Structures are given as structure tokens and as C-alpha cells.
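For reference, the structure is listed below as C-alpha cells.
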Amino acid sequence: MANPWTGEVSVTIDGVPHVCKLTLGALVGLEEALGESSLVALAERFEAGRFSSRDVMAVIVAGLRGGGWQGASADLMRAEIAGGPVGAAQVAATLLARAFAVPD
């Protein structure tokens, strides 16, 4: 379903697969939501392991929105993300890695 070559990541929420992608617009919203001044600062925050569950959720919401999802972050507060907190963190990390990967 998700195309990793275009930066997409699949996440399953309440048993339903969704495509996530950190588009430029989604990244702008993510910078604002997390109070970071740049894309580099945002990537460094995750690389250094200085992220919270709120940060993970913000990345997933941004990715979902970039993938065309019309929901709100409040919709995910009661949702079951496949893999639980660890699965959610892996999705967030993969989204960021793919957003900043330089194509071969």
C-alpha cells in the first residue's frame, strides 16, 4: 500500500491501514506543533532520542495529513496503533528518515 520510494509509510490504526507521508506542508505543521525552528533541528531531536510520546503522535498526525487523512489529532487519542507505543515510534522514525533521505 505505501510506497517507500516516495517517502510513504504504512500505519495501521484500529485495524485499518493508512498511508503516511511527510510532505513539505506536513513538515511545516510539524515544526509549528513541536516548536522547532528548522527541519534539521527536528531531525536532530529524534536522532538524539529527545522525543516524547507527544512528539511521536505529532509526527504520525503530520504524516497522516500528508497522506490525505482528514482527521484530527484528538481522533488518535483513543485509537489503537498497531505495535503500540513502540510501533508508533517506529512509524515516526521511519517517516522522518524517509522525509530526509536523499534519493540515489
Side-chain angles (χ1 to χ4, degrees):
M1 185 166 156
N3 182 350
W5 299 108
T6 62
E8 294 177 351
V9 177
S10 182
V11 63
T12 301
I13 301 168
D14 290 335
V16 178
H18 296 271
V19 172
C20 298
K21 182 175 183 175
L22 290 176
T23 62
L24 187 56
L27 287 166
V28 168
L30 186 56
E31 284 177 352
E32 290 175 6
L34 298 181
E36 289 294 352
S37 60
S38 71
L39 295 175
V40 173
L42 181 62
E44 288 174 345
R45 179 174 173 163
F46 276 80
E47 285 177 356
R50 296 186 328 261
F51 59 90
S52 67
S53 55
R54 180 183 134 261
D55 297 341
V56 169
M57 186 68 80
V59 172
I60 291 174
V61 168
L64 285 166
R65 288 190 180 137
W69 183 68
Q70 297 298 309
S73 57
D75 297 333
L76 295 181
M77 297 306 285
R78 292 177 298 280
E80 178 65 33
I81 297 175
V86 172
Q90 289 172 336
V91 167
T94 303
L95 272 167
L96 288 168
R98 289 184 182 166
F100 294 104
V102 178
D104 292 335

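Because the structure is predicted, anything quoted here is derived from the model rather than measured.
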- Task: Work out which heavy atom in Ala2 is nearest to a heavy atom in Ser10; give both atom names and the distance.
- Result: CB-N, 3.6 Å

- Work out which heavy atom in Asp55 is nearest to a heavy atom in Arg45; give both atom names and the distance. OD1-NH2, 2.9 Å

- Between atom CZ of Arg98 and atom CH2 of Trp5, what is the distance when rounded to the nearest 0.5 Å?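 Between Arg98 CZ and Trp5 CH2, I get 9.5 Å after rounding to 0.5 Å.
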
Sequence neighbours excluded and cut-off under 3.5 Å, please list the side-chain donor-acceptor pairs for residues 59-77, or say none.
{"from": "Gln70", "atom 1": "NE2", "to": "Gly68", "atom 2": "O", "distance (Å)": "3.2"}
{"from": "Asp75", "atom 1": "OD2", "to": "Ala72", "atom 2": "N", "distance (Å)": "2.8"}

Show me the donor-acceptor pairs, under 3.5 Å and distance only, between side chains in residues 14-33 and residues at least two apart or in other chains.
{"from": "Asp14", "atom 1": "OD1", "to": "Glu80", "atom 2": "N", "distance (Å)": "2.7"}
{"from": "Lys21", "atom 1": "NZ", "to": "Thr6", "atom 2": "O", "distance (Å)": "3.2"}
{"from": "Thr23", "atom 1": "OG1", "to": "Ala26", "atom 2": "N", "distance (Å)": "3.1"}
{"from": "Glu31", "atom 1": "OE2", "to": "Leu39", "atom 2": "N", "distance (Å)": "3.1"}

